[in-house]
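Notes follow once the structure below has been shown.
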Amino acid sequence: MNYWLVKCEYDECTFDELKTRPQQTGRWRGVRNYQARNFIRDVMQKGDLAFFYQSNCAEPGSSGVVKVVKAGYPDPSQFDPEHKYYDEKSTKDEPRWFTFDVKQHKAFKSFVHLKDLKNNNDLKDMKVVQRGQRLSIQPVTPEEFEIVCEMGGI
DNA sequence: GCCAACGTTGGC
DNA sequence: GCCAACGTTGGC
């Protein structure tokens, strides 16, 4: 059982929007970074929990926790020439990119702002609060996970 | 919209 | 294998 922070641009999908998807499930899209890919392919498991973090917007932060309902499978978009995330160098025998599916697990009672994470000294080692940190799939320790859940009121 | 920080690419 | 140039991320 692992804990994560998964980043999504606000424009792409919000935590609430997950509920409107078929089976209330969203496929994570377009991870094209090797470090993040390795986490998805090699470490992430079905049943893991993750903070859904929204970036690139007026209020960066997290609305709640999602659960990994399908883990580490090849991202179909890499094989589709029409797709934005097509990768001509990837093959079905040796896929280069992986993805996973998530469902809402628990919504926070109150939104946890990036600012709040930064102001909490117990979270100073979290990747997300560190300067210039761009990794979109970040491991989180059980301690950090619990602290952030408390901050969100769950 | 700015710009710092980072990852990737490609010439050598 | 180095490293400059470039593109992207993402907070502000």
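What you see below is based on every heavy atom in this structure, not just the backbone, and it leaves out hydrogens, waters and symmetry mates. Here is the naming used below: chain letters follow the sequence lines, and residue numbers restart at 1 for every chain.
Atom CG in A:Asp11 sits about 13 Å away from atom P in C:dG10, given to the nearest Å. Rounded to a whole Å, the CG atom of A:Leu114 is 11 Å from the C1' atom of C:dC12. Remark: P of C:dG11 and CG of A:Asp116 are 14 Å apart, rounded to the nearest angstrom. For the pair A:Lys115 NZ and C:dC12 C1', the interatomic distance rounds to 12 Å; values are reported in whole Å. Rounded to an integer number of Å, the gap from A:Asn33 CG to B:dA5 P is 19 Å.
Applying the ring pair (Phe, Tyr, Trp, His ring centres under 6.0 Å) test between A:Phe52 and each of A:Tyr10, A:Trp4, A:Trp28 identifies A:Trp28 as the sole match. The only option from A:Arg27, A:Arg32, A:Lys84 that meets the salt bridge (charged side-chain N to carboxylate O under 4.0 Å, His left out) definition with A:Asp75 turns out to be A:Arg32. Of the candidates A:Thr25, A:Asp48, A:Asp101, A:Leu49, A:Lys67 forms a side chain to side chain contact (heavy atoms under 4.5 Å, CB included) with just one, namely A:Leu49.
A donor-acceptor contact under 3.5 angstrom links the side chains of A:Gln78 and A:Ser90, judged on distance only. With no hydrogens or angles considered, no side-chain donor-acceptor pair links A:Thr20 and A:Glu17 at under 3.5 Å. With no hydrogens or angles considered, no side-chain donor-acceptor pair links A:Tyr85 and A:Asp80 at under 3.5 Å.
Residues A:Arg131 and A:Arg32 each lie close to DNA chain B; by heavy-atom proximity, the contact nearer the 5' end of the strand is made by A:Arg131.
Ring pair A:Tyr3/A:Phe51: centre-to-centre distance not below 6.0 Å.
Two residues are said to be in side-chain contact when any heavy atoms from C-beta on lie closer than 4.5 Å; A:Gln138 and A:Val128 meet this criterion.
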Taking N or O atoms only and anything under 3.5 Å, show me the protein contacts with nucleotides 7-9 of chain C, one pair per line.
{"residue": "C:dT8", "atom": "O2", "partner": "A:Arg134", "partner atom": "NH1", "Å": "3.1"}
{"residue": "C:dT8", "atom": "O2", "partner": "A:Arg134", "partner atom": "NH2", "Å": "3.4"}

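End-to-end axis angle of the helix from B:dG1-C:dC12 to B:dC12-C:dG1, using five pairs per end and rounding to 10°, comes to 10°.
With a 6.0 Å radius and a threshold of 12 heavy atoms from other residues, nucleotides or ligands, A:Gln24 has its CD atom above the threshold.
Within the structure, every side-chain polar atom (N or O) of A:Tyr10 is placed at least 4.0 Å from both OP1 and OP2 of C:dG11. Dashed line: the shortest gap from a side-chain N or O of A:Lys127 to OP1 or OP2 of C:dG10 is not under 4.0 Å.
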